[in-house]
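A short worksheet on the structure shown next.
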Amino acid sequence: MAWNVFKFCTALRAFGSIMIVFFLGLVGVTYYAVVVAYYGPHLFRGGFDTLIAVAFLFLFHLLLVMVLWTYATVVLTDPGGVPLNWRPLREEEKGDADPLVGLGYGIAKIGTNQSAVPGDFKNLDIGFCLKCNRLKPPRAHHCSICNRCILKMDHHCGWVANCVGALNYKSFLLFLFYTFLAEILVCLALLRVFMEIFNDDEVDLTPGKLAATFIAFVLNLAFAVSVLGFLIMHITLVGANRTTIEFQAKDKKTGLTWRYDLGWKKNYEQVFGTEKKLWLIPVYSKDDIRRMPALQGFEYPTRPNWDPQH
């Protein structure tokens, strides 16, 4: 039987929609177990139990809002596609207004006597996609599932039914961060329920509520461990200014420096922006979008005096 790549990619797109439903289902079960079954009724008990319930439910709903906000942003935001007739700007088209100049970055520029053909850009990380049959910017890669080139593509994520690229990578990282915090909070909260059961304390839970609580605890604990691994991996990648694809493709046998590694501070700013007050929400300031082309996915600053042989 012949391998049909098109049908396989179509199946993966459908799988992504199923994973979105599964994730929202997990949120629903967790909400029922935490709020409806246990901590909601504690609001009316009075005394110390009420104070604990109020504090927990406030923190839980705050994290839930951030999880859903960042998740919706990753799912609904275009990760960044390459325009049909894209080509790198020539030096005279950038001029002195190039925003990278004021930030002290180095950037590759195209000379005035070069034409837009693949062979002219070998030293500038300008690629040529054989599937799209056109030029692609530095760090862009073709996604077979989305069937297009994605700017600074990290990976195609089935959980969000979307690629993770230049325009939604920050939202993806924040989604991992808030999801991990929420899952740890839920596990600690539901652990109290099981401790009361094992200590033979009276727990006012029906068999259905108890089953929902058990399912929510097990799933949140499993996902917390998994998400922690992804979070650590991506924090490491951001610190080195690499995507998952770039990390997998690097030559581990050589000690060559990575041209886009500008130091951890500037590397993180390329993902989160320079406005610290906006680091924990999935938005950028207008000044950062205007001054930092890396946030738009077409140009990336390189190490000063970078030498590909060292």
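Looking only at distances, a side-chain donor or acceptor of Asn162 sits under 3.5 Å from a matching main-chain atom of Thr77. Between the side chain of Arg259 and the backbone N or O of Thr302, no donor-acceptor pair lies under 3.5 Å. Panel note: side chain Asn267, backbone Gly239; a donor-acceptor pair is recorded below 3.5 Å.
Residues meeting the ring-ring contact (aromatic ring centres under 6.0 Å, His included) test with Trp264, sequence neighbours left out: none. Partners of Val54 according to the side chain to side chain contact (heavy atoms under 4.5 Å, CB included) rule, which considers only residues two or more places apart in sequence or in another chain, are Leu43, Thr50.
From Leu295, atom CG reaches atom NZ of Lys170 across 8.5 Å, with rounding to the nearest 0.5 Å. In this structure, the separation between OG1 on Thr274 and CD on Glu269 is 6.0 Å, given to the nearest 0.5 Å. One finds the OH atom of Tyr300 at 6.0 Å from the CG atom of Leu151 (value rounded to the nearest 0.5 Å). In this structure, CZ in Arg192 is found 5.0 Å from NE2 in His42, a value given to the nearest 0.5 Å. To the nearest 0.5 Å, atom CG of residue Leu57 and atom CD1 of residue Ile52 are 11.5 Å apart. Of the inter-residue distances, the one linking Ile245 atom CD1 with His141 atom NE2 reads 5.0 Å to the nearest 0.5 angstrom.
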When you look at His142 and Asn147, which way does the side chain to side chain contact (heavy atoms under 4.5 Å, CB included) test go after all the steps? CA-CA 7 Å; His142 187 89; Asn147 195 30; 3.9 Å; yes

Could you walk me through whether Thr243 and Lys152 pass the side chain to side chain contact (heavy atoms under 4.5 Å, CB included) check? CA-CA 7 Å; Thr243 64; Lys152 196 186 177 184; 3.8 Å; yes

Passes side chain to side chain contact (heavy atoms under 4.5 Å, CB included), Leu278 versus Val283? Steps please. CA-CA 7 Å; Leu278 300 180; Val283 296; 4.2 Å; yes

Evaluate side chain to side chain contact (heavy atoms under 4.5 Å, CB included) for His61 paired with Tyr31, printing each intermediate quantity in order. CA-CA 9 Å; His61 282 91; Tyr31 193 90; 2.9 Å; yes

As a quick check of understanding, evaluate salt bridge (Lys or Arg N to Asp or Glu O under 4.0 Å) for Lys277 and Asp288, giving each step before the final call. CA-CA 13 Å; Lys277 62 183 178 181; Asp288 276 350; over 6 Å; no

Worked check of ring-ring contact (aromatic ring centres under 6.0 Å, His included) between Trp159 and Phe230: CA-CA 13 Å; Trp159 286 98; Phe230 279 108; 9.6 Å; no

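By the rule that hydrophobic residues join a cluster once side-chain heavy atoms approach within less than 4.5 Å of another member, Val160 and Leu167 end up as members of separate clusters. Taking hydrophobic clusters as Ile, Leu, Val, Met, Phe, Trp and Tyr residues chained together by side-chain heavy-atom distances below 4.5 Å, Val238 shares a cluster with Ile281. Transitive grouping of hydrophobic side chains (ILVMFWY, heavy atoms separated by less than 4.5 Å) brings Leu76 and Val74 into a common cluster. One hydrophobic cluster, built from ILVMFWY side chains closer than 4.5 Å, holds both Ile235 and Phe247. Cluster membership for Leu62 and Val35, using ILVMFWY side-chain heavy atoms within less than 4.5 angstrom, is not shared.
Open room surrounds CZ on Phe214; 12 or fewer heavy atoms of other groups in view lie less than 6.0 Å from it.
Pairs of residues two or more places apart, or lying in two chains, that qualify as side-chain hydrogen bond (donor to acceptor under 3.5 Å, both in side chains) and include a residue from residues 130-140 are Lys131-Ser144, Arg139-Asn241, Arg139-Glu246.
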Which atom pairs, donor and acceptor, lie under 3.5 Å between side-chain atoms of residues 172-191 and protein residues at least two apart or in another chain?
residue	atom	partner	partner atom	Å
Tyr178	OH	Leu280	O	2.6
Thr179	OG1	Phe175	O	2.6
Glu183	OE1	Ala224	N	3.2

Pair up each side-chain donor or acceptor in residues 20-30 with any protein partner under 3.5 Å, not counting sequence neighbours, and list the distances.
residue	atom	partner	partner atom	Å
Thr30	OG1	Leu26	O	2.8
Thr30	OG1	Asn220	ND2	3.0

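Ring orientation note: the planes of Tyr268 and Phe272 are close to parallel, at an angle under 30° on the 30°/60° scale.
The shortest non-hydrogen separation linking Phe298 to Pro83 is CE2-CD, 3.6 Å. Shortest non-hydrogen contact noted between Pro79 and Cys163 is CB-O, 3.4 Å. Nearest heavy atom pair, residue Ser171 against residue Thr73, reads OG-CG2, 3.0 Å. Pairing each heavy atom of Gly81 with each of Arg148, the nearest pair is CA-NH1, 3.7 Å. What you find for Ala161 and Ser17 is that their closest heavy atoms are CB-N, 4.1 Å. For the residue pair Val82 and Pro137, the shortest heavy atom distance occurs at CG2-CD, 3.6 Å.
Taking 4.5 Å as the limit, every side-chain heavy atom of Arg242 sits out of range of all side-chain heavy atoms of Asp261. Using a 4.5 Å heavy-atom threshold, the side chains of Lys286 and Ile289 count as separate. Between Pro138 and Ile126, some side-chain heavy-atom pair lies under the 4.5 Å cut-off. Side-chain atoms of Pro88 and Trp86, non-hydrogen and from C-beta on, do get closer than 4.5 Å to each other. Contact of the Pro301 side chain with the Leu262 side chain is registered, since non-hydrogen atoms from C-beta on lie closer than 4.5 Å. The shortest side-chain heavy-atom distance between Arg291 and Ser285 does not fall under the 4.5 Å cut-off.
The hydrophobic cluster containing Val36, built from Ile/Leu/Val/Met/Phe/Trp/Tyr side-chain heavy atoms closer than 4.5 Å, also comprises Tyr32.
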